[in-house]
Amino acid sequence: MKKSHFSILPGCITKGRRLFLVLALVCCSLHTAWSQQQRFSGTYNNVDVFHVLESVQGKTKFTYVYNADLLKGKKVTISAKNETVASFMSRLCKQLGLEVVWDGDCAIIRKKNTNAKKIVVVGHVTDEGTEPLPGVAITVMGKKGTAVTNSEGNYRIEVNEQDVLCFSFIGMKQKKVIVDRSNINIVMHENVAALNDVIVTGYQTIDRSKLTSAVTTLKMDDINNPGMNTIDQMLEGKVPGMIFTSNSGQLGAAPKLRIRGTSTIVGNREPLWVLDGIVLSDPVNVDPQTINDPDFVNLLGNAISGLNPNDIEQIDVLKDASATALYGAKAGNGVIVITTKKGKIGKPSVSYNGSFTYTQRPRYSDNDIYMMNAAERMDVSKELIERNMYYNNVTQWSGYEEALLNYYSGKIDYQTFKEQADYYSSINTDWLGLLMNDSFSHNHTISLSGGSPNIKYYASLGYNQQNGVIKKEKNDRYSAMLNLSANYRKFNAQFQLSANTTERNYTPSGINVMDYAYNMSRTMPAYNTDGSLFYYPRVNMYGLRYNYNILNEIANSGDTTDGNAVSLRAQMRYEILPCLNIDALLAYGIQNTTHEEYYTKDTYYIFNLRSDQSFRNDMCPVGGQLKREETRNTDYTARLQANFMKTLGTNGSHLITASAGIEAKSTEYKGFNITRRGYFTEFGGYFDQIPTDYNMYYAQFMSSKEGLGHRTRLLTNELAWYATAGYGYKDTYLLNVHIRGERSNLFGTRANEEFSPIWALSGRWNMKKDILKNTTWVDDASLRLSWGWQGNMLPGQTARMIIQASQLTSYDFNENYATIYKYPNPDLKWEKTASYNAGLDFVLLNNKIRGTVSYFYKHTTDAFLTKTVSEINGINQYVVNGGTLDNQGIEVSLSFTPINNATNVGGTSKRGFVWRIDPQIGEVINKVVNRAINNKTNTLHDVVTYNDYLNGSLEFAGKPIGTFYSYKFKGLDPQNGSPMFYGTEEENKTELMAKYANMTKEEVFEDVMEESGSREPYIQGSINNYFGWRNFGLSLNFTYSLGNKIRLMKIASGYATNIIYPQQNLRKEYVQRWRRPGDEAYTNIPGLVVDQNNITPWWQQYPATAYTFGGNIYEMYDNSNIRVVSGDYLKLQSLSFRYNFDDKLVRKFGLQSMYISLTGNNLFTICCKELKGQDPTQNGTTPSINLSTRPTYTLNINLTI
Amino acid sequence: MKRISIYALLLTLLFSSCGNFLDEYSTDQRYCETADDLEALMIGEGFLGFKKGLPSSQETMSKSELESEANQSLYFPWIHVVDDDAEAFLVDYVSEDQGTPYYMLNKLANWHADPFSSIQNIQWKDKDWTKLYKHIGALNSIIYQAQEIKGKDNRNDKVALLKHVNGEAHFLRAFYYFYLANAYGLPYSTSSASTDFCVPLKVSEVIEDKHFTRATCEEVYQQIWNDLEVAESELEGYTPDMKLRVGIGAVKAFKSRVALYMERYQDAVDAANAFTNLNYKLVDLKKHDINNSFNNRNSSEIIFTTGTYNTYYIFINDSTMQWNGYDNRASCFKASSSLMDNYTASDLRLTSYFKKSTKNKAPIPNKYFPVEGDGNFTDIVSDIFSIRYAEVVLNKAEAQAMLNKTEEARSTLQQLRDTRVIDAKLSDIPTDNQQLIEFIRNERRMELCFEGHRWFDLRRYSVNSKYPLQESFSITHPAYTYDAVANMYYLTGYYRLESYKKDSAAWVIPIPNTTITFNEGTLTNLERQTRTIINKQ
């Protein structure tokens, strides 16, 4: 075939035939055919012909097919000077007496077949595992004949000698053979490269070299950490631009992920999870406000909690608008696409992966527990009593205090008192040990994988048992997955069945075990000397005494969440034309979640409900209480998509791609919630009858919604269409457009009335193929740019009034009633985010440095804000388009391989030393750029309280989200050691009152407080190091986070109240407290409370109440600037040592491969030393103490048969 | 091409078969579109709720209880303690951080500068303001929606329902503005109503993001009057089955009250005269069984009631629960001696309207109490937001007297006294016009005590153009100090509220601070003086 065949000028060939040729050539290989036009220079003197071909191939880019017999031993002398490959090759072949025929980039070198004989070729096609391959398409290059292998993998075709047979099969490398005999057996190889370097967006699979958007792709093999049980935990520091925050180390607590900052104030900020193209839903629907609250500990589980990480192949994090546009409005916070493992061609192989994890509990001796021991605590009691200090309302004397008071009042003599005091000081009860334990967890996955090119399968079964360090906390997960994929000629089908069941056990959060363990005085015994439980008195609101012991409470209560989920997915692809295929996808998933919380009659909770135990007031006269919440989540997705891809033009240098589809998605949550009293756990649990005499409050409870039980239902249907179109020129310039429109059934969403503006434009410039072609130190370089718009709407905002019907009949009116759900909001517009992305990918210095640098800028306008309006309207909050938010940042992801002796140690197969280091850095700077609603100060709300300033829940113009304020600590009062603050001085009270009276509340707050920083870090990243030698591998993974500020744990208020109860333990910092005048020079830890006036300071009294800027001085102390420290940390997230058993040894056992690894997670953290043991994940703003992230040690065994 | 058209056909089938896929769906939300929706909304948002239950201790008013915006919370609990009908009732000691009526309301009762704060100076937010405006906001929407819906459904029962709901909404809006105006605004004075400030007036359904200003008394009362006239025409001839709903009786009765406040006496008489055709009658106390409460929903006197019975939570018996210490203990309020001294021995109201506390025999208002064993308080009547027939009679008598129809006024009043006092004689009622007015005012005080009238009436009398209250008029409340050693309260002096002319700021309840701050200067309060204990009464 000559060059002229590509010409579109009329020639000697008929029009129809020419068109056919063009199609056949271009469509069977979508690669462009311009490499034969590449020019090169070179001189070869009596060189082996193979060497010439290799050399030319190295200088240009083409492949060739030949018959080895023809070329063996032939030497040539030839030179070229800026000659095209095509011309050079034809000269070369002429010298050898052969001919060259081009098929795209492929040169076919063969005998001149001037009068070729007809020949019948038969043969057998197999895969690498010698399994026959049915359905392999066989074409004859440049001719009409085709054939297909039968079910035994055999074929028969009639061709001419020296014709080229082309064997192709989806998922396999295409193979071309020159016909020189009548029996040609073929072994086809899996196209591994095709699977390896692709981006999966859920709607498309994109070759990395054609990617125009910002996507971080992670291979599960690289991030899998056997000590972690869900994938979200494994993402920490791995995705530049994603901020990972975990606020509790409690078992099953889901971390918060923020991809490229926060671009909404009122709406949901969590990313979207997608599994094999299907958007996942959370098992239980939680409102965005709760999820967005930085102090909310999510133990409910999220969309991926049931997924076994061992079933995952790849994770693609879609970050910019062009990557997420196809997902629509819900993807505004980024998308995390999970691809599960598919079978690999070959004989069946069975793998077992087992991991055994040991988690260390907190100990008083640890750095991170900074609490008093018994002696230190008793010293506080002594000081309190000796200094005759103020005890607030103590009705619960016990322990040392009780003994001392008894002694003072003469009830016991000194000897008895001494004995008791010695006893209490010697107890040193190990509350942490009593309530927590070092836990052991294990995880097993067994999987089967294999297949032929026609059908591949992957099946797995996993069992995961996790035990929490807090006693009784346990999570069990059983998971199963089956993936089948079939290829046959024009079909490709995939089926997936996955199921999981989870069981989570906790102690009800109302008992708050963690908080109790921290704050319980170690002078209080847990057991009496005879081994029975030690009870101390607590009173209920009616003054009745209750004997309390936490172990008894824990034993008599429980909190269990059971979940079952099954999902089915089928995908079919049919090739209508070589350049056009249709893809249909159908998925159905169901999740049942049952949450039960119970308290038996022997708990303080029930005791409180019983109030004075009279017929009138007793709310739980018999037994305990069971609360049951059932949620059933059903999802289905149906999608139909057409894909088109074609090259056009001379040499096929124009590539056109297009996809369009429609999608219907439905998510339904159905629930039933009920609270029942009279519950007994015996005999598997039953309810006893409650006498009808309890006709007052109990009867009222029974007629309430929760007592009667109520059903909930939430149905979200969505119909969307989407399209993308792309154009590429010579693989060098690429341009893409994405667009999506959607409608939903959400009640009162304006999405029904207006088109949602979601679209994106993106492009790529492969510089290596253009200006950097001759720059030798650059192996590859490309630039990506994207720009997109995304819109967002809140449900329930309409131009018409929405009412909410009650599900109860009004008792007095004996009629159903309704309340106003939303007043009309006719002026509300879409919240819009424009996002820009620029990224540079490069590979330098012979693959030693690889990396990506990106810059992004997201600009949200008309962001929804809840604005306060005058309550004279009847409501005081209203959603307006008020905010403007900016997020920008730089992401750097690098991979260095300074030493790589993986393959070349003295010609042996043994691996030499390898060192790889991958630093990642992601910076996200987030700023509210709004013009303030309130002009005098910067806040974006109208009515604010000082708590909003302290806990960072306000948005301030020009400042990042999460900015919080603190009081300015002045020092300790020399008289009584109580803390003092600038701008609140008692002695200047009158002046201050006069000053503040003329200021707005916000001005007063900003005067009394100072800005402390933001709660959200702005730089996060990681440094991964890998060292390999022979069969050993060591990886060290550091993660770091910079830029946020945290409050130290409370020492004087809240859970750590300064109004000390006999049972209250204190932070060790309190040892350094102020005790006598003069101490204020050495310490800033306040003294014990001496004056009740401190509890109600002047700013809580009239007329200062108009601008009250704080609670009592101890609350202010905990919220002061000296209690704010930097939250920066560097953490050794994991240290892993792995040994791959030697192949020979492994084979002896009949195995294919085997390795063991030992991993330590969260081994140490370097952080601000003022934290005094507080973990950077813990924050003093939380209402109760959360467990810090715990160190874990895991042994992992993996073997494949 | 053929293939593609098959796919297209399949697609069309797929999506047309589920045509309601995108219909808006919600289990319990809907657009407000029918008269039934408005009716449901009226019950849910228009009326006040009922807090039910009897107190078992003195701690009936925690800060959170008072700050509750729930429908089933207390409304205007302070209204009973600011006038001269109530005074402190203190026995034994309750710690000061507890929410007893005395600790929470004493700053209000004694006209302090910062009235909404506890005895420990801890502020609590006045939510009555917010709650009433919330109801008004809902009523504004109902009135607007009723206009929109009108004529869309012509079934007779729906047309009637819409008329009734619309009438009720207008009535309730007037009713709530009346309470707001009298609590937070200046009293209506015929001479200066066009300039005296009242409360902000909002009658449109649109949410306005603006700073509100106070309307004048004239504007607010005019709005009330207009609303009542609409209600009158919509509810003409309609008397509902239950006392919780508004009928023509309630409109007429309330109109007579408003007319009296506006000194439109003839209108007051006219409105009261409408009752000749309505089936309400006075309860004859001579035949009343005091084991049943005087005020209840089955009473022939009650015309309309909404909201809860606050008295329980303010005037508490001194023995609520013996074993938990609440026996012979009180930290609340009782009826004042200045009120009790007015009743003669032959006045049956003494036993029907009051009870004696168990331990100290202090007079406790007792107009309503539930029937034995009725845990649901099925016949509960509000002690503030109620209208009963006796008031209509008194309104009429007062209006007639003001119109110098002395004889007519005397005979009107005699109708009432005849059912209240044994051997009531017409000759007991003075014939001098001014004395008659005094007599009627006193009769009104005795009859309508603890029903939310006295405080408003005193304000009204203060600015009355014909017989204003004397400038020397004052209210004194005894002030006590606790002595821990003796566990006794000692009378240490008195708080005094001077007449409206001298002490006007204390006669107006301040608008909540948050509202004042929010509106940035467009709303203001009168400055209240600090009040100290004086020695003599």
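Numbered from 1 within each chain, the chains take letters A, B, ... in sequence-line order.
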- request: Could you tell me which portion of A:K670 (side chain, backbone, both or neither) has an atom closer than 4.5 angstrom to a non-hydrogen atom of chain B?
  value: neither
- line: Among B:M42, B:H135, B:K52, B:E33, the residue with the most heavy-atom pairs under 4.5 Å to chain A is B:K52
message: Can you tell whether the side chains of A:R713 and A:E668 come within less than 4.0 Å, N to carboxylate O?
response: yes
message: Counting only non-hydrogen atoms closer than 4.5 Å, does A:T819 touch chain B with its backbone (N, CA, C, O), its side chain (CB onward), both, or neither?
response: both
query: Under 3.5 Å, is there a donor-acceptor pair between the B:S95 and B:D97 side chains?
result: yes
message: Given heavy-atom pairs under 4.5 angstrom as the criterion, report whether the side chain, backbone, both or neither of B:I136 touches chain A.
response: neither
Ion pair A:E742/A:K665, N-O distance below 4.0 Å: no
field: Side-chain donor-acceptor pair present, A:N673, A:K705, cut-off under 3.5 Å
entry: no
message: Does any backbone or side-chain atom of B:V206 lie under 4.5 Å from a heavy atom of chain A? Answer side chain, backbone, both or neither.
response: backbone
- request: Identify which part of A:I875 has an atom lying under 4.5 Å from any heavy atom of chain B, answering side chain, backbone, both or neither.
  value: side chain
message: Out of A:I820, A:I872, A:L715, A:L714, return the one with the most heavy atom pairs under 4.5 angstrom to chain B.
response: A:I872
- request: Side chain from CB out, backbone as N, CA, C, O: work out which of these in B:E59 comes under 4.5 Å of a heavy atom of chain A, or both, or neither.
  value: neither
task: Sort B:L139 into side chain, backbone, both or neither according to what part of it lies under 4.5 angstrom from a heavy atom of chain A.
output: neither
Geometric class of the A:F701/A:Y698 ring pair [parallel <30°, tilted 30-60°, perpendicular >60°]: tilted
statement: Whatever's closer than 4.5 Å to a heavy atom in chain A on B:K131 counts as neither
- prompt: Got a sec, which residues hit side-chain hydrogen bond (donor to acceptor under 3.5 Å, both in side chains) with B:S382, two or more places apart in sequence or on another chain?
  reply: none
query: What part of B:F47 gets closer than 4.5 Å to chain A, counting heavy atoms only: side chain, backbone, both or neither?
result: side chain
query: Any idea which of B:I43, B:L244, B:I207, B:T378 has the most non-hydrogen atom pairs under 4.5 angstrom with chain A?
result: B:I207
Carboxylate-amine/guanidinium proximity below 4.0 Å for A:E575 and A:K490: no
- prompt: Measuring heavy-atom distances to chain A, does B:L38 have an atom under 4.5 Å in its side chain, in its backbone, in both, or in neither?
  reply: neither
Under 4.5 Å from any heavy atom of chain B - which part of A:N816: backbone
- prompt: Aromatic rings B:W124 and B:F116: how do their planes relate, parallel, tilted or perpendicular, breaks at 30° and 60°?
  reply: perpendicular
Non-neighbouring partners of B:R245 that pass side-chain hydrogen bond (donor to acceptor under 3.5 Å, both in side chains), sequence neighbours left out: B:E39, B:E168
